[in-house]
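To keep things clear, I will list the structure first and then write my remarks on it.
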Amino acid sequence: MAGQGDSSDKKSKEVMNDVSTFRAENLQNNMKVVYYSRTFLSIIGGAIAGILGLTGFMGFILYFIAMAITSIGLIAKAKFSLHSYFDCWNRIILDGFLGGLMSFVLFWTFAYDIVHIF
């Protein structure tokens, strides 16, 4: 009987060691990096789409490509160990997507108007 109790105590200690904990400040800082990266690359991508004269769905395809590259870059920066820096994987892939879209469209139309209309 003592052997079973010891093994269950060891198992519960191992389970407690496997649970990852995050400091709120570190997680918040990591999310700021994700938002700033997405916003910056959305602005750059929007300016590029406007300068190239992309219209319609081609511009949005460029946005999706830019966001995929951003996600891959952030995952690579995290050394492909997302759970060490974020509490779930969709934080790095999906968060900041719509805010970046608004910045993209703003700079896309601005650059398109400056280069092709004026």
Original post:
Among F110, Y63, F60, whose side chain to side chain contact (heavy atoms under 4.5 Å, CB included) with V105 holds?
Top reply: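 Among F110, Y63, F60, the one that satisfies the side chain to side chain contact (heavy atoms under 4.5 Å, CB included) with V105 is F60.
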
**OP:** May I ask you to decide if Y36's main-chain N or O and T39's side chain share a donor-acceptor pair within less than 3.5 Å?
**Re:**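 Pair absent, no side-chain N/O of T39 close to backbone of Y36.
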
Subject >> N30 (side chain) donor-acceptor with N26 (main chain) under 3.5 angstrom >> reply: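 Yes, the answer is positive, given that a donor and an acceptor are paired below the 3.5 Å cut-off.
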
**OP:** Could you give me the CA-CA distance, side-chain angles and deciding distance for I44 and F107, then say whether side-chain contact (heavy atoms from CB on, under 4.5 Å) is met?
**Re:** CA-CA 8 Å; I44 298 298; F107 280 87; over 6 Å; no

Do [X] and [Y] sit in the same hydrophobic cluster, where Ile, Leu, Val, Met, Phe, Trp and Tyr count as joined when their side-chain heavy atoms come under 4.5 Å apart?
X	Y	answer
L54	I61	yes
L106	I114	no
Y85	I93	yes
F86	I75	yes
I48	M58	yes

Separation between [atom1] of [X] and [atom2] of [Y], rounded to the nearest 0.5 Å:
X	Y	atom1	atom2	answer
W89	L82	CH2	CG	10.0 Å
I117	T109	CD1	OG1	9.5 Å
L94	C88	CG	SG	9.0 Å
I69	L74	CD1	CG	12.0 Å

So, for [X] and [Y], which heavy atoms are closest and what is the spacing to 0.1 Å?
X	Y	answer
A111	A47	CB-O, 3.6 Å
S42	M67	OG-CE, 3.3 Å
G45	L62	O-CD2, 3.5 Å

Original post:
Got S71 and I92 here, is their nearest side-chain heavy-atom distance under 4.5 Å?
Top reply: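 Sidechains of I92 and S71: no contact.
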
**OP:** In sequence, state the C-alpha distance, the side-chain angles, and the governing distance for N90 and D95, and then conclude on side-chain contact (heavy atoms from CB on, under 4.5 Å).
**Re:** CA-CA 7 Å; N90 64 355; D95 277 0; 5.9 Å; no

**OP:** Check the angle between the aromatic planes of F104 and W108 and answer parallel, tilted or perpendicular using the 30° and 60° thresholds.
**Re:**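 Correct class here is tilted.
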
Subject >> Listed partners of D113 passing side-chain hydrogen bond (donor to acceptor under 3.5 Å, both in side chains), at least two apart >> reply: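 D113 satisfies side-chain hydrogen bond (donor to acceptor under 3.5 Å, both in side chains) with no residue once adjacent residues are dropped.
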
Original post:
Do the ring centers of F57 and F64 come within less than 6.0 Å of each other?
Top reply: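 So the answer is no for these two rings.
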
Original post:
Hey, mind stepping through S103 and R38 against side chain to side chain donor-acceptor pair (under 3.5 Å) and telling me if it holds?
Top reply: CA-CA 10 Å; S103 298; R38 286 199 184 278; over 6 Å; no

